[in-house]
Structures are given as C-alpha cells and as structure tokens.
Asks: 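I have a structure I would like to understand better, so I am pasting it below and will then ask my questions one at a time.
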Protein chains: 2
Amino acid sequence: MWVLFIGKLLVHKSNRQLSRTGYTLPMRYEDKKTGMAAWPTSIIAMLDTMKAYFPLKPETQASLATLAKPTNLAKGEYFLKSGDTPTSLAFVYSGLLRAFTTDVEGREYNKIFFAEGSFPAAMVALLTGEPSRFAIECLEDCQLLEINHAAYRQLLHESDDLKLFHIRYLEQNWIIEKERREVELVQADATDRYLAFLQRHPGLQERLPQYHIASHLGITPTQLSRIRKQILETA
Amino acid sequence: MWVLFIGKLLVHKSNRQLSRTGYTLPMRYEDKKTGMAAWPTSIIAMLDTMKAYFPLKPETQASLATLAKPTNLAKGEYFLKSGDTPTSLAFVYSGLLRAFTTDVEGREYNKIFFAEGSFPAAMVALLTGEPSRFAIECLEDCQLLEINHAAYRQLLHESDDLKLFHIRYLEQNWIIEKERREVELVQADATDRYLAFLQRHPGLQERLPQYHIASHLGITPTQLSRIRKQILETA
DNA sequence: CTTGTTCATTTACATAGGTTGATAAGGCTA
DNA sequence: TAGCCTTATCAACCTATGTAAATGAACAAG
C-alpha cells in the first residue's frame, strides 16, 4: 500500500515550485461544486495518508489542514539538529531525509530514512521534552508540511478519531516495525539485513550512497562492499 | 517509580495462596466506609500501575476490573506458545516471564523479561491477528491477571481516558524503550549492554540464569562469561 | 553419601566484521 | 582537458564473538 502511494506522490514532483520559506502548489481555492475552500495537494496527500490508518471526520481534517505549514528545506539542511529540543513533526510531500545519532566516538547510526508519505519526527524528544539525541537531515531537496507538536497534541485530546489514528500509527510504525528491526539486529547477519533492506525499500538504494545504507545496517562501508561483492559472486 | 512499585508489590508475595486455575487473595468484599464492593489487591495493583500513566475514571476502572481474570501459571508453563494466535494480554502481580523467539537455526532470543507490574503480551500478534512469532514463558510461578484483548479493545474505543492511558503506555514502553534498545544494539558493545542491563534492571540478575541474560544481550553464554571475567579483573 | 543434572567457566579454534590506508572510478569545475 | 572532490573497492591486519568440547561447581533426588 505504501509503495503504491509513494509512487503516486512522485508524480507531483515535476510541477512543484521551490521557494525559500514555503512552496506554492497547484491549488484549487474553491471546489467547483460546493464552492468551499479546498486544500493544496500536499495537504490532501497528508490527509490521504492519515485516512489510510483510520477514517477522519471532516472537522478533524480541517483542523489538521490548519496546523500543517508548508516548509522547504534544501539538500544538506537540517529539519532538526542533535541537541535541539524539537517542537514540531512533519509530513514528507517530496524528498528524502535521514534520522541519525552520533555516539561518543563520532560514529553515526542512521536509524531511519523518511521518504514521501512518511512523518519525520524526533518522537522520543517530542514526548519527553528533552533535547533530541537524533538529528534529522535532508538528503534531497524536501517539501515538507510542518506541524506544531503542542497544537497536534491539543487536537489529539479533542478528537476521538485522531486518537484512534494515532494509536494505529504508533502500532504500525513503532510497535510492529521496531519489533521486526530489533529481532533482525540480533538474529540476522549483515548480509541478510542488507537483502531485507533492499526488499523492504525498493527504489531507495538508488537514492542513497552506500555509506548511508551501511550505517543503517550497523556496519562499515568496507563491510557492505565485501557483502555486495560476495552477493555478486554467489549469484 | 517502577522500581519502588515493584518493591512494594513483592511484599505481597508471602501471603499469596496458589491454586490451579485462579488464585485467592486477601479480599475486602465491602469497603468499611462506603459499603461498596472492593477489589482484590492484584486488581488494585494493576489499576494503580495504569493510573500512574494517566488518571482513569471510576467507571473505566470498574470496567477494567471486570475484564481482569486471575490466572496462575507454574514455572515452565507458557502464557503463549510460539505459533499460537493470542487472544489476551496480562498483568504480572507476582512472578517473572520472558518473551522469546527462535530463529531457523533454533537459536533463542529473549526479547524482554516481564516482572511484577508489567504487561506481558504478544503485542504485534494481537494487533495483526496473526500467529505469534514469540512465546511467553514463566520463569517463576506467576500470578497473572488475564485480560481479553477484544474486550479491552472495545473498552478502548468507548473510554476517552483509556485511549490516553493507552497512548502513554505505548509511548513509554514501545517508543522510548525500543528506540533506546535499537541504538544500544547497534552502537554499544556487549560489555556496555551488560552493564546497562544490570543498572536498568536491579535485582533481575539474581532471578535469572546467565544464559537467559546472554540471550537477551544477543550473545552466547560463553561470551557473557568472558565479559564477566574481564569486568572482575578490571575492577 | 552418591549420583545425576544443570549451569558457569574455560580452552582452542573459526569467522564476521572493524581499522587503516591505498587505489580506483566517477563526476564537477576551472 | 586537467585537476579535484566524493565515493566505492580492496588489501592487510586486528578484535570481538561464535562453536564445540571439556571441566568444575552447585544442588536436588535417590
């Protein structure tokens, strides 16, 4: 489902227009039939993504649309720097980001990549209110929708349907996904993890240098190179 | 907070009485002042644990009390077998359990230990409705409260306060804890993971054979033995 | 007390993966 | 075209950890 959706979103990339502090998009300010205000396609994409988790009432969708602020970031810019305390989360309309942490010896670990249709956030730091141990960096030019966390949290308490969306989202993206990842890190060797990564994220390898993939797998670029060589020789 | 609470719970262990299908506990069927029905201490312990996450209305607490069924399991018995589809979760009033998975080569990985005050469940299997890849085994005689998941889910949809408890619970025990675990597995070596385990779970080492701890750390008992030796030599 | 069982330790050897530095191989940019 | 980054590969060596088997220690059962 996600893969298909990402494919659909990518179609929009060609007619985007970048500007420094916010992007403009083909926008229908009035729906032809109802005469009501309509939303930019980025917000529609976000709401569609959310509704795939749990149906949202029109009022809830309207409130969410109000909270979502279009933001552009260029490749190399940071959505969040390590040590900063985050106040917002985001939706990726186009582009690619990584969340990574750096240990005492300066080694980076790429915890997750955020492609189109995902919600980059330093979740733990948002929940605890503490500075984030993770940084979130744009690996490509990005069109984001930025959402203030406190306002989202407020809306969460007011909207029953949003609570259920939130529970489903946490279940899918944290419980199920993180459990899979934990077991993989303990029981699978780096070769298996690499092959699993390729299968689970088709198209992502082409957008990433290998050292970023190696870091995500928890190995060095040297070792990933060995593994790739060995896979080619075996096949 | 958790540690203190577990300490308090352990006091009750001496006056528990084990029976095959359910346990009896010192129970005040009527509160002296109000004359209202009161709950067994195990249910009170569970509600106290839950209220530490989010305040629950008396009605919600009463509904939860109705759902909670006292269950005994002896050491070595399974709360859930691998491959079975779970229908319930539990609360640990006394005892200790482990959730583990077995890979194709038969190697076990102890994902988590459940001591007093925790909620053992094959969360992913409950959410997906699929057979569980994890088994949950009693490492000591256990007094549990068993809760039907479908009924809990129903109550979750009806109770606003329970939704917020549930979100807080997921955040604390899945998001924050699993992120810490993931980073630890990638960036810390086994010695650091062992020392961190001892700090984070005081008193648990004494209740577990080392091979269970080794499995939780993702290493062999042989390697844990080496690490322990080295720690003793260094100190 | 003796025996068997379980668990921790130890030894010798094997392997996955890290470290360092050299060497390509592409792409920009002047 | 020449030079300069960045990135991937490779080689040589090192280390943490796995594997398998032997030994020891604690302890329960007869």
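Below, chain A is the first sequence line, B the second, and so on; all start at residue 1.
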Asks: Need two values: the first and the last nucleotide of DNA chain C, 5' to 3', having an atom under 4.0 Å from any heavy-atom of chain A.
Replies: dG17(C) to dT20(C)
Asks: Base, sugar-phosphate alone, or nothing: which one does Q223(A) contact when heavy atoms must sit under 4.0 Å apart?
Replies: base
Asks: Which residue lies toward the 5' end of DNA chain C, D189(A) or S225(B), if each is placed at its nearest nucleotide?
Replies: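 Going by which nucleotide is closer to the 5' end, it is S225(B).
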Asks: Under 4.0 Å between a side-chain nitrogen and a carboxylate oxygen: does that hold for K81(A) and D84(A)?
Replies: no
Asks: Which is the 5'-most and which the 3'-most nucleotide of DNA chain D that has an atom under 4.0 Å from a heavy atom of chain A?
Replies: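 Listing 5' to 3', DNA chain D meets chain A from dT7(D) to dA12(D).
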Asks: Under a 4.0 Å threshold between the charged nitrogen and the carboxylate oxygen, would R98(A) count as salt-bridged to E108(A)?
Replies: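 Yes, charged N to carboxylate O under 4.0 Å.
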Asks: Taking the six-membered ring for Trp, is the centroid-to-centroid distance between F114(A) and F119(A) below 6.0 Å?
Replies: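 F114(A) vs F119(A): aromatic centres not under 6.0 Å.
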Asks: Students often mix this up, so state it plainly: with edges at 30° and 60°, are the rings of Y53(B) and F165(B) parallel, tilted or perpendicular?
Replies: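 If you compare the ring of Y53(B) with that of F165(B), the planes turn out perpendicular.
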Asks: Nearest 0.5 Å, what's the NE2-CZ distance between H201(B) and R207(B)?
Replies: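 Here the rounded value is 12.5 Å.
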Asks: Atom CZ in F79(B), atom SG in C142(B): separation rounded to 0.5 Å?
Replies: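 Separation between the atoms: 10.5 Å.
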Asks: Below 4.0 angstrom, N of the basic side chain to O of the carboxylate: do R180(A) and E182(B) qualify?
Replies: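 Salt bridge: no.
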Asks: Would you classify R228(B) as touching base, sugar-phosphate or nothing, given that sugar-phosphate means primed atoms plus P, OP1 and OP2, and contacts are heavy atoms under 4.0 Å?
Replies: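 Contact class for R228(B): sugar-phosphate only.
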Asks: Does a donor on one side chain sit under 3.5 Å from an acceptor on the other, for H216(A) and Y194(A)?
Replies: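 No pair is found: no donor N or O on one side chain lies under 3.5 Å from an acceptor on the other.
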Asks: What is the bend of the helix from dC1(C)-dG30(D) to dA30(C)-dT1(D) when you compare the axis at one end with the axis at the other, using five pairs each and rounding to 10°?
Replies: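 The two end axes of the helix from dC1(C)-dG30(D) to dA30(C)-dT1(D) meet at 20°.
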Asks: Taking all non-hydrogen atoms of both residues into account, name the closest pair between G129(A) and T85(A) and its distance.
Replies: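 Answer, listing the atom of G129(A) first, then T85(A): O-CG2, 3.6 Å.
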Asks: Do the charged groups of E179(B) and K178(A) touch, with an N to O distance under 4.0 Å?
Replies: no
